[in-house]
A.B. asks: 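Quick one: the structure is below, and I'll ask about it shortly.
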Amino acid sequence: METKFTNKEVTTLLRNVSAAHQVKGANPFQIRAYDVAADAVEHASSDVRALWESEDLDKIPGVGSHIANYLDEYFTSGKVKHFETVFKNIPNSMFEFLKIPGVGPKTAYKLAKAGVKNIADLEEKIKSKTLLKKGFTEKPLENILQGIEEFKRKSDRILLPVAGEVAKQVLEHLRKHKAVLATDPLGSLRRRVATVGDVDLSVASNDPKEVIEHFKKFPGTERIIESGEHTATISVRNGIHVDLMVQPPEHYGSLLHHFTGSKNHNIHMRSLAREKGYSISEYGIKEIKTDKVRPCPKEDDVYSLLGMQTPPPELREDAGEIEAALENKLPQLVELKDIKGDLHTHSFWSDGQNSIAEMAKAATSLGREYIALTDHSYPTLRFYQRLKEIEQFNYSQDSIRVITGLEVNINSDYTLQVPDEILAKHDIIFVSIHTSFRQPKEEMTNRILKALENPHVDVFAHPTGRLLLEREGIEADWETIFKRIAHLGKFLEIDGYPNRLDLPDNLVREAKRFGVKFTIDTDAHQIQHLSLMEYGVSVARRGWATKKDIINTLPYRELKSILDLKN
DNA sequence: GCCGTTTTCGGCCCGACTGTTTTCAGTCG
């Protein structure tokens, strides 16, 4: 079988090894080592196969000499002898069952051993009660059936604004109850991850029982997944899970910290606490010697007890933020209020829905000092007439400056969509990939490099071309591209449109290391989209970007000089 | 199996909920 050796495949391989070890009752720490390695590969910002080629596998934290050797064998021959030994006597179907929420290795193994072939077969065998005779009991089987429904229905993750909307509705419901003293969205939503799995919410209250009961009565509840003294999970539309945790106000800071995560951030924090003689949980910080618990009403209390700064939630991925916080060296991240203008927008001159004047006025009301209209450079566009309209609009008012721009396709044959003399008439040129997304890596890289060499080009827009939940991004040699962009003094875009969020946060951080500067834009196609700027800012923050890394935080006068604008 | 101001051994984050069980295993985050 042809295999592509993607990060996803390696992740699955490592998770399967972990699961097999669990079934065979291996050392729990060995099991965790494989899980940690799988997590690391899954979240790696570079292609694992490329790291292998440059002999950098052991630079992935959590991948040590053993796993690196196994992966070397895997990339060389397509299989790993040791893993095959581990998988011995384990039916293959077990690994399919792991995809069902609520089914872990032990249950999956038991099902496979009972002769269940696949998920469809499992569904049939539960419904026909065949499995009841094979050592399974009724309630767990019912839960597995629910899990199968969820597996079939649920797209893995949802876009950040969709999660935000669900959270908003549930928070409004929660706030109606007088026992709710405070309530916040946490988890990946608070960390502003591009896509969110479950919606996590917290409540401070002295009456958790009442709050949990009230939560379960949220009008959109489709199913109650679980319900305990301090926590509950409901399922709402589209199978989206909403998790609630309740703590009294004196522990609320600990709860915020615990439930914001990420998992790896928490694990690192707890190891750190342990070294200093403390144990962290959602109830506070316990001094191990004395068993004395120090409550943390505010989140800052958790961090200050360990002698560190509070990292902004966007940074809590255990990617160096804890070390930085300990040294008091956290970056001052860019904020929405720093943004002075929007440089990537569309009007109905191309595929937008509003006029240039409407877009400009809407931008003015959001407090923008300038806006670039960067319509697609369709060859049929009446470029000069459009330029004239912009010029006239600028003369007609002085509340906002409209910058003339174009978004120009980089063709698959490395040429640009329109000739240089048209580009020259515009103040800002964005280039982007809109066709042939699957060119081989080297061709794609050269295609981009060639476009960047054009002296009229200023910004490389939504660089990876990914569409979240729909389409993977292009494959390119990002390090080479980042170096070139920095050298040319050009810019990368962070596109804030919710299903793009492109450049992705991990690549923002990498590009920044090479000295690249960015624009954060909305890519608005109608006036309502102009307020999507906050999502682009979130991506920049997750990429450790500060105000000075972002050129559209500059007032128009300064932007004009670095972009060499005409007026 | 990983890792190192406890560095090549000896540790490794912490707790909730479910089901079924009088003390725990499995799963999840």
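So that the names make sense, note that chain A is the first sequence line, chain B the second, and so on, each numbered from 1.
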A.B. asks: At 4.0 Å (heavy atoms only), tell me whether A:Pro28 reaches a base, stays on the sugar-phosphate, or touches nothing.
C.D. replies: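 Touches nothing.
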A.B. asks: Rounding to a whole Å, what distance do you find between A:Ile31:CD1 and B:dC2:P?
C.D. replies: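 Value for this atom pair: 14 Å.
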A.B. asks: Strictly below 4.0 Å: does A:Lys106 bring a side-chain N or O up to OP1 or OP2 of B:dG26?
C.D. replies: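 Yes.
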A.B. asks: Would you confirm whether A:Lys24, through its side chain, and A:Val86, through its main-chain N or O, come within 3.5 Å as a donor-acceptor pair?
C.D. replies: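 Indeed, once roles are kept as given, a pair shorter than 3.5 Å links the two residues.
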A.B. asks: Please check if the distance between the ring centroids of A:His257 and A:Tyr303 is under 6.0 Å.
C.D. replies: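 That pair passes the under 6.0 Å test.
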A.B. asks: May I ask you to say what A:Ile67 touches in the nucleic acid, namely base, sugar-phosphate or nothing, with a heavy-atom cut-off under 4.0 Å?
C.D. replies: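 Sugar-phosphate only.
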A.B. asks: Any side-chain N or O of A:Thr107 under 4.0 Å from OP1/OP2 of B:dT27?
C.D. replies: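 Result: yes.
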A.B. asks: So, A:Asn118 versus A:Ser93: side-chain donor-acceptor pair below 3.5 Å or not?
C.D. replies: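 No donor-acceptor contact under 3.5 Å links the two side chains.
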A.B. asks: Please determine, by modelled atom types, if A:His82 and A:Glu73 share a side-chain donor-acceptor pair under 3.5 angstrom.
C.D. replies: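 No - no donor-acceptor pair under 3.5 Å links their side chains.
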A.B. asks: Answer yes or no: does a side-chain N or O of A:Tyr70 lie under 4.0 Å from OP1 or OP2 of B:dG1?
C.D. replies: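 True: A:Tyr70 side-chain N/O within range (under 4.0 Å) of B:dG1 OP1/OP2.
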A.B. asks: Using a heavy-atom cut-off of 4.0 Å across all strands, would you classify A:Val103 as base, sugar-phosphate, or nothing?
C.D. replies: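 Since only primed, P, OP1 and OP2 atoms lie under 4.0 Å of A:Val103, the category is sugar-phosphate.
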A.B. asks: When you check every protein heavy atom under 4.0 Å of nucleotides 14-19 of chain B, what one-letter string (B, S, -) results, 5' to 3'?
C.D. replies: BSSSSS
A.B. asks: Under 6.0 Å between ring centres: does that hold for A:Phe95 and A:Phe87?
C.D. replies: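 Aromatic pair counts; centres sit under 6.0 Å.
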A.B. asks: Which whole-number value in Å describes the distance from A:His268 NE2 to B:dG4 C1'?
C.D. replies: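 Value for this atom pair: 12 Å.
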A.B. asks: I'd like to check the side chain to side chain donor-acceptor pair (under 3.5 Å) partners of A:Asp56; sequence neighbours left out, ordered by chain and number.
C.D. replies: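 Per chain and number, A:Asp56 pairs via side chain to side chain donor-acceptor pair (under 3.5 Å) with A:Ser54, A:Lys59.
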A.B. asks: Both distances below 3.5 Å, Watson-Crick or wobble geometry, any strand: find the nucleotide opposite B:dT8.
C.D. replies: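 No nucleotide pairs with B:dT8.
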